[in-house]
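This report concerns only the one structure given below.
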Number of protein chains: 2
Amino acid sequence: MAGPPRLTPQHPDPLPASSSPGGRATILDVAAAAGVSRQTVTRAMNGMSGISAATKQRVLAEAERLDYRPSRFGRGLVTGGDHQLGLVVNDLRNPYTPQLASAVFRLAAEQGWNVMLADVDLASDADRMVQALGAQTDVVIGYLGSRRERWNELLGTVPMVELDPYAEPPTAAVWIDPADAIEVLADHLVATGVRHPVVLDNSSPEHTSVRGVLMMDALQRRGYLPELVHAEHGTAECGAEETVRILARKRRLDAILAFNDVMALGVLQACRRAGVDVPGDVRVVGVDGLPLGSLVAPTLTTLAVDLDAVAREALDLALGMLSGALPRQGAAVQRTVRHSLLLRESA
Amino acid sequence: MAGPPRLTPQHPDPLPASSSPGGRATILDVAAAAGVSRQTVTRAMNGMSGISAATKQRVLAEAERLDYRPSRFGRGLVTGGDHQLGLVVNDLRNPYTPQLASAVFRLAAEQGWNVMLADVDLASDADRMVQALGAQTDVVIGYLGSRRERWNELLGTVPMVELDPYAEPPTAAVWIDPADAIEVLADHLVATGVRHPVVLDNSSPEHTSVRGVLMMDALQRRGYLPELVHAEHGTAECGAEETVRILARKRRLDAILAFNDVMALGVLQACRRAGVDVPGDVRVVGVDGLPLGSLVAPTLTTLAVDLDAVAREALDLALGMLSGALPRQGAAVQRTVRHSLLLRESA
DNA sequence: CTGAAAGCGCTTACAG
DNA sequence: CTGAAAGCGCTTACAG
């Protein structure tokens with residue numbers, strides 16, 4: 001009746017070739033160590049039913065001893081995993097960036113999406129970061145600047161939504177358009193008696209920014225002869241330095257239109273230190289509408305943009321492309337969000 | 001010589017059961033559609049060598065037609081995937097947060113780590129976010145506050161490094177300790193002739209913050225009878241509102257120590273509007289050392305913390321635990337970073 | 001309560 | 001240049 005005696009006990013799972021010499025412990029290592037099958041390990045690790053308290057405890061102890069952590073890839077492969085969104089930004093320390101990122105995070109979370117962030121401004125290996133982002137996410141949103149073609153290549157099949165493109169984009173994009181607000185602002189400057197405005201652009205002499213061009217044009221069409229100043233960085237420090245130079249050079253000057261709010265904050269600071277009254281002597285205007293602008297004195301007049309709207313449009317495009325409801329090219333995947341003049345004290 | 005004729009062409013890969021009705025196309029769908037094997041699809045998708053231009057083009061065309069994107073799980077399972085770090089923060093719109101996040105991102109990127117961010121402050125489903133974060137990352141760093149026990153459970157086997165714990169933590173942690181700087185500050189207040197300081201805490205009457213307690217204690221030991229004011233939120237608005245109340249109530253008052261820089265900015269604004277000179281009438285001090293504090297007038301004196309150091313210690317702990325060089329419990333996985341007094345104009 | 005089987009979607013050898 | 005085989009680490013049925 002009895003068959004030949006089994007000399008070796010039947011092992012529930014084949015022993016792993018080597019118990020991970022160098023690599024992480026796997027579910028089979030734990031199973032072997034605890035003398036159970038891998039699905040019993042799964043039950044213990046995930047708090048599932050159908051396992052005795054004693055077995056569970058023994059498995060968990062072995063798992064801890066082996067420093068076992070389930071692979072997110074193995075698990076994701078079978079469970080499907082979560083939806084993941086990549087966000088490319090330029091410098092988290094610029095107050096604009098977290099304002100945008102926060103809006104994206106909030107909306108994404110509402111839809112059950114996780115967000116991975118890549119700050120490519122301070123990165124020496126931005127290409128690697130973008131590629132890694134693409135490898136870990138289902139869709140990428142962000143500021144791509146002049147590197148968008150290269151990054152679009154790097155991202156391969158991962159759909160991309162560009163924010164604030166500097167020129168007609170090859171992919172989906174959300175334009176952030178200051179043109180209308182600039183017209184309103186120019187009218188406001190005329191109405192308040194400005195005579196000699198300066199545009200403080202964040203750009204190089206070879207390449208004026210789009211918003212710099214729009215500002216100059218709107219002023220010229222109203223009969224102004226505005227000066228255009230190029231500042232290398234869009235920071236408060238740079239804004240302050242350029243303002244010191246401008247004030248030293250120009251006798252007549254009664255308005256400074258800065259490229260963004262952060263630079264305008266530097267302008268305000270430089271004026272304050274030079275004893276120049278804002279808005280009495282010089283009116284100052286920023287762009288972005290950061291809450292920060294209402295913390296300084298005088299509070300900052302600015303061309304505000306609704307970053308919640310930017311985030312909403314971007315996510316809408318991203319999810320639309322993913323679901324197949326939207327194409328991945330062409331006019332159907334372009335949206336526009338416009339600035340609006342936010343009058344505070346500085347102009 | 002010739003064998004029996006093959007009536008049906010040999011298919012390189014078995015046809016997928018159904019060409020993904022509802023799900024995403026897989027590599028087998030593309031292989032079938034292009035009439036090649038899956039490894040040829042891999043070659044085409046990943047720009048590998050060993051594939052003819054014609055085949056590659058045909059495969060890529062089919063991939064595009066089927067909207068095929070390789071699964072990051074399938075790929076990660078075999079390639080090992082990247083190292084991924086989770087960061088839990090409280091509110092990206094608070095300027096402190098991006099400053100910290102930026103430091104973590106920069107250091108993580110230097111070591112080839114990607115970062116996933118979860119902002120749990122504005123989230124209704126913070127628990128789900130933390131769990132999702134744990135599922136996608138190898139280690140989690142962050143501000144956990146009173147929810148740290150629950151989240152530690154949720155994270156399961158994912159190691160955790162708590163930042164700025166409010167009390168002795170069960171896990172690895174980086175303390176951010178203002179005690180020394182507060183002593184230096186208190187001496188400074190004495191030296192500059194302050195008589196009637198107020199501590200503006202971000203807390204409830206039932207539970208004063210650690211730093212509030214330290215401030216009160218340091219002042220009392222120097223013979224002061226400081227008043228403690230509880231502000232509900234750590235925002236500029238709240239700081240301004242409380243300051244208005246304090247100014248209306250107290251005739252004698254010559255220093256306000258705010259819970260953080262952002263609140264202190266609100267204090268400065270309220271003083272400015274009330275015609276109270278800072279630092280002439282009232283000295284104002286914040287905590288954090290945000291760059292922002294040097295953009296206002298007067299510039300903000302503050303207890304600064306080196307967030308690069310915080311990020312460095314946190315990453316060091318995280319990577320140490322992951323490599324097994326560090327235990328996952330106990331004193332060995334606790335670090336401390338101290339504030340220091342940064343004297344600017346407001347005190 | 002526990003385990004044997006199958007399979008998630010990919011890539012990396014290896015063979016031709 | 002192309003394909004057959006094996007396997008990454010896990011979970012989900014299913015069988016006992």
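Fair warning: this is a prediction, and the values are worked out from it, not measured in the lab. Naming convention: chains lettered A, B, ... in sequence-line order (proteins, then strands); numbering from 1 in each chain.
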Exercise. Using purine N1 to pyrimidine N3 plus N6-O4 or O6-N4 for Watson-Crick, or N1-O2 and O6-N3 for G-U wobble, both under 3.5 Å, which nucleotide pairs with D:dC14?
Worked result: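 Across all strands, the one nucleotide that pairs with D:dC14 is C:dG3.
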Exercise. Reckon A:S49 touches a base, only the sugar-phosphate, or nothing at all at heavy-atom distances under 4.0 Å?
Worked result: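 The answer is nothing, as A:S49 stays clear of every strand by at least 4.0 Å.
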Problem set entry | Face-on cation placement of A:R75 at B:F73 ring, 6.0 Å and 45° thresholds |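 Not flagged: A:R75 not positioned over aromatic ring of B:F73.
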Exercise. Do the numbers put B:R148 on top of the ring of B:Y143, so that NZ or CZ is under 6.0 Å from the six-membered ring centre and no more than 45° off the axis?
Worked result: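 No, B:R148 does not sit over the ring of B:Y143.
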Problem set entry | Donor-acceptor pair between A:W151 and A:D127 side chains, under 3.5 angstrom |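 A:W151 vs A:D127: donor-acceptor pair found between side chains.
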Problem set entry | Heavy-atom pair of closest approach, residues A:M160 and A:A172 |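 Looking at all heavy atoms of both residues, the shortest contact is O-CB, 3.6 Å.
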Exercise. If every non-hydrogen atom of A:R24 is compared with every non-hydrogen atom of A:D29, which pair is closest and at what distance?
Worked result: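 Scanning both residues, the minimum pair turns out to be O-OD2, 4.1 Å.
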Problem set entry | Per-nucleotide protein contact string for nucleotides 10-16 of chain C, where B marks a base within reach and S marks sugar-phosphate only (heavy atoms under 4.0 Å, - for neither) | BBB----
For this session: Send over the distance from B:R72 CZ to C:dC8 P, rounded to a whole Å.
Result: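 After rounding, the gap between these two atoms is 18 Å.
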For this session: Could you state the atom-to-atom distance from CG of A:L77 to P of C:dC8 in whole Å?
Result: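 So the CG-P distance, A:L77 to C:dC8, works out to 9 Å.
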Exercise. Does B:T40 make a side-chain N or O approach to OP1 or OP2 of D:dG3 shorter than 4.0 Å?
Worked result: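 B:T40 to D:dG3 OP1/OP2: side-chain N or O found under 4.0 Å.
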Exercise. Do the side chains of B:T42 and B:I27 get nearer than 4.5 Å, heavy atoms only?
Worked result: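 Yes, at least one pair of side-chain atoms sits under 4.5 Å.
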